[in-house]
Peer 1: 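Quick one: the structure is below, questions incoming.
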Amino acid sequence: MSDTATSPRTSGCPVAHGPLSSERTPTGCPVSQRAAGFDPFEDGYQQDPPEYVRWAREQEPIFFSPKLGYWVLTRYEDIKAVFRDNITFSPSIALEKITPTGEEANAVLASYGFALNRTLVNEDEPAHMPRRRALMDPFTPEALKHHEPMVRELAREYVDRFIDDGRADLVDQMLWEIPLTVALHFLGVPEEDMDTLRKYSIAHTVNTWGRPRPEEQVAVAHAVGNFWQYAGKVLDKMRQDPDAPGWMQYGIRKQMQHPEVVTDSYLHSMMMAGIVAAHETTANATANAVKLLLQHPQVWRELCEDPGLIPNAVEECLRHNGSVAAWRRMVTKDTQVGGVDLPAGSRLLIVTSSANHDEGHFSDADLFDIRRDNASDHLTFGYGSHQCMGKNLARMEMQIFLEEFTRRLPHMRLSEQRFTYVPNTSFRGPEHLWAEWDPATNPERANPGLRDVRVPVRIGEPSAQSIARPVVVQGVTPVADGIVRLRLASPDGKPLPRWTAGAHIDVECGTPELSRQYSLCGDPDDTGAFEVAVLHEPDGRGGSAWVHANVKEGDRLRIRGPRNHFRLDESLKKAIFIAGGIGITPVSAMARRAKALGMDYELHYSGRSRASMAFVDELAALHGERLHVHAADEGRRNDLRALLAQPVQGAQVYACGPLRMLEALEDCCAAWPEGALRVEHFESTLATLDPSKEHAFEVELKDSGLVLTVPPDQTLLTALRAANVDVQSDCEEGLCGSCEVRVLSGKVDHRDVVLTRVEREANTKMMSCCSRACEGRLVLEL
Ligand code: HEM
Ligand code: FES
């Protein structure tokens, strides 16, 4: 760790001063006034970093801060670009002290032989990746499972201590200590040394990232020096028993095989830095999360009612109010980011918390929405080859804490208080978090068994499948032979999320495992309810049979979405809508929208018989002559070939219906321009994995610096998750598009039904849940 300051300093501007510019300061300095005023040690930044730099995110996303001597980056794409390239943007300054120490303190540190050096987070290539790869295994979801009972037990014991008091400072009484204990266990510190290390590390972490007053610095230096020496002793002890469990012992064993990769200096430094990396980040993240949730009582209630939402709520809390507000990189060669020249030697403060509020990546970014489907795109864990190795341990701890609180203290609320933060650029969480409740109404007084309930945690990134919302069935109306329309409203009468024509929702048919997609067929302007139409398919997979047998007015159902993979291009001159049978549902919403937009369109609707076709009268009333009904029993089959014989300039064909019809349409549209036909699928057989017919393939992950082998019996998605790489997913059948990853090179064997032929041939993206490599290696932007 170097002692270079990142505290305010009056450095000269790093860019040439041009002529006086009215947009800049009156002195002609190219640093704007707001940039000149930027001070991350101010209360404004401490209280709310993304809000403090909103002006920059919106108007001057990359600026130089003369007070800090750093370039400050505030937008998602720019920051991700920096994380992607750890050669041009070196992480070597990541752990520099926030406040430089004076000579006296430095002398004290030297007297302890203090030599904290590069670990992982601040190590450059080529040393970093071989070390990271060598030390990764104990962090994979598979390995982390073993720690779950320990974390759970700690959470339960700490809550036992204060649950009958009716009030607690959750930071002091729980959230500060448990992550430290977990960190010590994870590292493999022997029980008898835990208390001493706990004491030292608290002294160290509290002070490293803050601004100790000059008179405190010497005392801090002694604590840090002692910590350093003690860490060395514990490491020596671990060397005596290298087969004991623990990440440090794992490192010691790896050192025996690769002494040049896992060096002595690394091990000693990591023994100290590892505790800090794992402790304060997680403690602060949980304190921020609990605070945020209790500040939104309605959300807190929903979480208490449906703990299945906890994994995604953790991600949304990390996005909205994470514990690492900003991170640092150093520019190693002249370069540009977002059109701004950054000379070699520039220091960058990358405000990840601002990226997490960037409207360009997160819609309605300031809204706290625990059902947000891209919440885990946040950059609080960094990204790329240095991305936090401990992210899944942190996620597990946070899930367990929230699960314990929602189950045992659902009636908890925030006490009146003013939150304080240790002033620093990066690590952020309230120093105290007072909460209160009425112990007489503790649920476990009535139901003692509650204390010991165990809800399984999800290790790794949350699945979209867990992001459900409750709805009440307002009506069940037959609309044709074997078809019912369900009207679904929010239980509290609040508006439902907005949707666009072509969108669908997933309805849980009795259990989360049996979820079925149904297109929304009502009016998007009616935010009071969702409408879907369900055809009874006795030979289907069971979803529609369940709906027809069970669902009645007043029931509660769980749904996910809405999501739209079948969007109407609203700039079209002409649209031809083709629906077969129950495929009318998304198409009817699209035709309604086309009419509202004043578009030229026609709607072709075919079915076995009029009696089996839903909404015919409504459609006729709305669309008049634009509607063409083709009922087979009336001898009016839809002649698709004739209909589509001539491509229509600027027109698009949208179709939904039986697989046979969609395949025939592909054929009929052969003469149409690429991409003119858009179809909606609800099932796919392409994605089924038959290991006897597959071959293994390699994927190189460009951003993470990893090469993985995907065996014949595994999907790419499973292999990525096993290696701690986050990828979202939902259907896992190649239908929904949520697991898309970018392909940089290699030939993909596409198995999804999401991409168009043009997109497949372009070979720039693939669905990781089902698609594979044709041969050889794929290079992915991950
Ligand atoms: C790296 C955040 C918990 C171990 C990082 C980085 C960040 C971060 C921002 C740097 C990423 C980059 O440069 O791209 C967090 C947050 C946590 C957390 C917000 C809690 C909510 C943990 C835990 C552990 C851990 C529990 C260990 C058990 C590490 C390690 C690295 C790292 C070893 C260095 C990885 C490398 O450079 O290759 N973390 N962390 N972290 N974190 Fe975490
Ligand atoms: Fe739906 Fe892969 S998860 S396409």
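If you're wondering where the values come from, they're calculated on a predicted model, not measured in any experiment. Along the sequence shown, residues carry numbers from 1. Note that ligands are numbered from 1 as they come in the structure, with each ligand's atoms numbered from 1 the same way.
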Peer 1: I'd like to know whether the aromatic ring centres of His386 and His128 sit less than 6.0 Å apart in this structure.
Peer 2: yes
Peer 1: In the protein, which heavy atom is nearest to atom 2 (C) of ligand 1, and how far is it?
Peer 2: Thr380 O, 3.6 Å
Peer 1: Backbone, side chain, both or neither: what part of His128 comes under 4.0 angstrom of ligand 1, heavy atoms only?
Peer 2: side chain
Peer 1: Return the set of protein N, O or S atoms whose distance to atom 1 (Fe) of ligand 2 is under 2.8 Å, each given as residue and atom.
Peer 2: Cys731 SG, Cys736 SG
Peer 1: Among the heavy atoms of Pro91, does any lie under 4.0 Å from an atom of ligand 1?
Peer 2: no
Peer 1: Phe139 and Phe186: aromatic ring centres closer than 6.0 Å?
Peer 2: yes
Peer 1: State, with a plain yes or no, whether a side-chain heavy atom of Phe405 is found less than 4.5 Å away from one of Leu294.
Peer 2: no
Peer 1: Taking 4.0 angstrom as the limit and counting only heavy atoms of Tyr383, give me the atoms of ligand 1 inside it, by number and element.
Peer 2: 14 (O)
Peer 1: Of all the non-hydrogen atoms in the protein, which one sits nearest to atom 13 (O) of ligand 1, and at what distance?
Peer 2: Arg329 NH2, 2.9 Å
Peer 1: With backbone taken as N, CA, C and O and side chain as the heavy atoms from C-beta onward, which portion of Arg428 lies under 4.0 Å from ligand 1: side chain, backbone, both, or neither?
Peer 2: neither
Peer 1: Sorted by chain and residue number, which protein N/O/S atoms are under 2.8 Å from atom 43 (Fe) of ligand 1?
Peer 2: Cys388 SG
Peer 1: Glu316: what forms a side-chain hydrogen bond (donor to acceptor under 3.5 Å, both in side chains) with it, not counting sequence neighbours?
Peer 2: Arg319, Arg372
Peer 1: Using the test side chain to side chain contact (heavy atoms under 4.5 Å, CB included), find all partners of Pro179 that sit at least two apart in sequence or belong to another chain.
Peer 2: His279, Thr282, Ala283, Glu397, Phe401
Peer 1: Could you find the nearest protein heavy atom to atom 36 (C) of ligand 1 and give me its residue, atom name and distance?
Peer 2: Arg132 NH1, 3.4 Å
